[in-house]
Amino acid sequence: MEQKIKVLAVDDSRVSLLTIKRSLNDTEFELVAGLSRGSEVLERFDEIAPDLILLDVVMPDMDGVTLLERIRAHAPDARVIMVSSLGTREKISECLEKGAANFLVKPYDKQGLITALRAAHAAGR
Amino acid sequence: MSASFFGQHLLARGLITARQLLEAMELQESNNLRLGLRAVEAGLMTPAQVSQVHLMQRKVDRQFGELAIECGFLDLKAVESLLSKQRADHLLLSQALVRMGVFDEAAIAGHLEAYAQSRSAVPAPATIYQGLPNAEILSVITEVTLKMFARLAHSNLRPGPCHGAADLVSRDCYAAEQTLSGSLDVVICLNLSHGMVRRVASKMLETEIEELDADAIECCGEFINVVSGSIAGHLSTSGHQIELAPPEVHLFDSSPFWRERRRITEGAPGDPALGRLTVTPLRHPLEIVELCAAL
């Protein structure tokens with residue numbers, strides 16, 4: 001069986017993590033870890049070794065954009081898709097400038113998520 | 001500036017990437033030049049005169065062309081000619097995406113139709129805020145909230161006449177609240193009856209929820225988060241820059257939002273803070289929902 005593409009999701013909402021997990025069922029992607037605290041990400045990044053990262057912009061313990069920068073500093077090739085309910089042009093621009101592969105606006109549907117993951121994965125190969 | 005609601009619709013469905021959206025918006029911007037810039041390019045006004053008119057526009061709610069004529073910078077014929085050129089050059093996001101080759105005409109027509117259908121499902125909140133301070137912002141907040149109830153909880157609610165906090169109907173409920181800060185400071189709180197919490201959670205988790213467990217409560221947090229983000233996006237079209245705090249959900253009695261306003265809810269006639277808070281019942285045949293906005 002072909003190995004699945006490993007996805008790490010970082011979101012303080014368990015509901016979002018559950019939704020992501022359910023959306024990835026029967027696809028080429030697998031949610032290998034769902035972290036609710038931004039501060040855990042760098043500690044566990046090498047152990048998880050994700051192919052793709054879904055990263056919430058607004059989290060209580062750490063701003064998602066700051067975490068994006070830290071992830072990119074730690075792993076420059078990391079492909080990060082930012083996720084937020086706040087889809088202003090300024091926010092999207094800021095995230096792309098800081099190296100995000102894409103930006104998903106909540107509420108997104110399953111097709112939107114899968115398409116964004118596929119595009120980010122294809123761009124990194 | 002909002003990333004255009006049609007743009008967000010396409011983005012959320014994976015039909016375009018964020019980069020394509022930004023490129024399309026840049027293309028729009030380069031075509032949709034403002035009247036002042038067009039007047040400068042045509043050699044009809046100086047940049048200083050344009051700045052002077054912009055300064056005047058901050059004080060009075062009047063069109064650029066109107067004020068430029070009044071100041072003697074332009075005549076009516078010149079304004080009409082500039083406006084006509086502006087209209088002819090105007091590029092919609094859909095047209096920009098076609099010009100970039102992201103979609104062909106047939107595909108974009110289909111996406112526009114689907115977008116129009118998704119928007120027409122929710123009625124505008126009529127005129128319930130007429131005469132109130134911040135009526136326009138309150139209308140945006142209510143319209144977006146109704147849309148999200150329809151989309152995420154499959155519940156069609158109807159806004160009733162708004163009232164003060166002293167007339168709150170629902171105290172045996174959960175309060176889902178979020179602060180929007182920046183050029184506007186707004187706290188939005190949704191009071192949801194237990195039945196409505198179950199409805200929201202059942203739809204979001206795609207499973208029938210009987211018990212109000214931690215996941216069900218958290219669905220309300222995610223729900224208000226999506227509502228607030230969409231409100232912030234709408235408000236950003238009028239130049240507001242807004243950041244979101246993380247959402248919170250509490251039982252009504254332990255809600256920081258309501259604890260802070262206990263004085264008001266217990267009724268303090270003439271309390272100036274009362275003016276900052278608007279409560280709008282969102283009617284449902286079986287459940288109680290109240291939309292509270294402090295701004």
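Values below: all heavy atoms of this structure, side chains included; hydrogens, waters and symmetry mates excluded.
Annotation: maximal heavy-atom pairing with chain A below 4.5 Å, among B:L205, B:L152, B:L10, occurs at B:L205. The candidate from B:V227, B:V226, B:L15, B:I231 with the greatest count of non-hydrogen atom pairs under 4.5 Å with chain A is B:V226. No other option in A:L18, A:T115, A:V15 has as many heavy-atom pairs under 4.5 Å with chain B as A:V15. Most heavy-atom pairs under 4.5 Å with chain A, from the set B:P246, B:A216, B:A201: that is B:P246.
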side-chain contact (heavy atoms from CB on, under 4.5 Å) assessment of B:N225 paired with A:S13: CA-CA 10 Å; B:N225 186 37; A:S13 159; over 6 Å; no
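Checking side-chain atoms of A:R89 against main-chain N and O of B:L21 turns up no donor-acceptor pair under 3.5 Å. At distances below 3.5 Å, at least one donor-acceptor pair connects side-chain atoms of B:Q8 with backbone N or O atoms of A:G87.
Using a 4.5 Å cut-off between heavy atoms, A:M59 touches chain B through its backbone atoms (N, CA, C, O) alone. Contact of B:I242 with chain A is made through the backbone alone, with heavy-atom distances under 4.5 Å. Residue A:A101 does not touch chain B at all, counting heavy-atom pairs closer than 4.5 Å. When heavy atoms are compared at a cutoff of 4.5 Å, B:A214 approaches chain A by way of both its backbone and its side chain. For A:S93, the parts sitting under 4.5 Å from any heavy atom of chain B are the backbone and the side chain alike. Only the backbone of B:S230 comes within contact range of chain A, with heavy atoms under 4.5 Å apart. Residue A:V105 touches chain B through both its backbone and its side chain, counting heavy-atom pairs closer than 4.5 Å. Residue B:E26 touches chain A through both its backbone and its side chain, counting heavy-atom pairs closer than 4.5 Å.
Between B:G233 and A:T88 the shortest heavy-atom distance is CA-CG2, 4.3 Å. Nearest approach of A:L86 to B:A232, heavy atoms of both residues: CD1-CB, 3.3 Å. Here the closest non-hydrogen pair linking B:R13 and A:D109 is CG-OD2, 3.3 Å.
When the shell of 6.0 Å around CD of B:E136 is examined, it contains 12 or fewer heavy atoms from other residues, nucleotides or ligands. The neighbour count for B:R19 CZ, taken as heavy atoms of other residues, nucleotides or ligands under 6.0 Å away, does not exceed 12. The number of heavy-atom neighbours closer than 6.0 Å to CZ of A:R22, taken from other residues, nucleotides and ligands shown, is above 12. Dense packing is recorded around NZ of A:K110, with more than 12 heavy atoms of other residues, nucleotides or ligands lying under 6.0 Å away.
For the atom pair OG1 of B:T17 and CZ of A:F103, the computed distance is 13.0 Å after rounding to the nearest 0.5 Å. In this structure, OG in A:S16 is found 8.0 Å from CD in B:E218, a value given to the nearest 0.5 Å.
Side-chain contact between B:L11 and A:L104 is absent, with no heavy-atom pair separated by less than 4.5 Å.
A:R14 and B:E222 are not joined by a salt bridge, as no carboxylate oxygen comes within less than 4.0 angstrom of a charged side-chain nitrogen.
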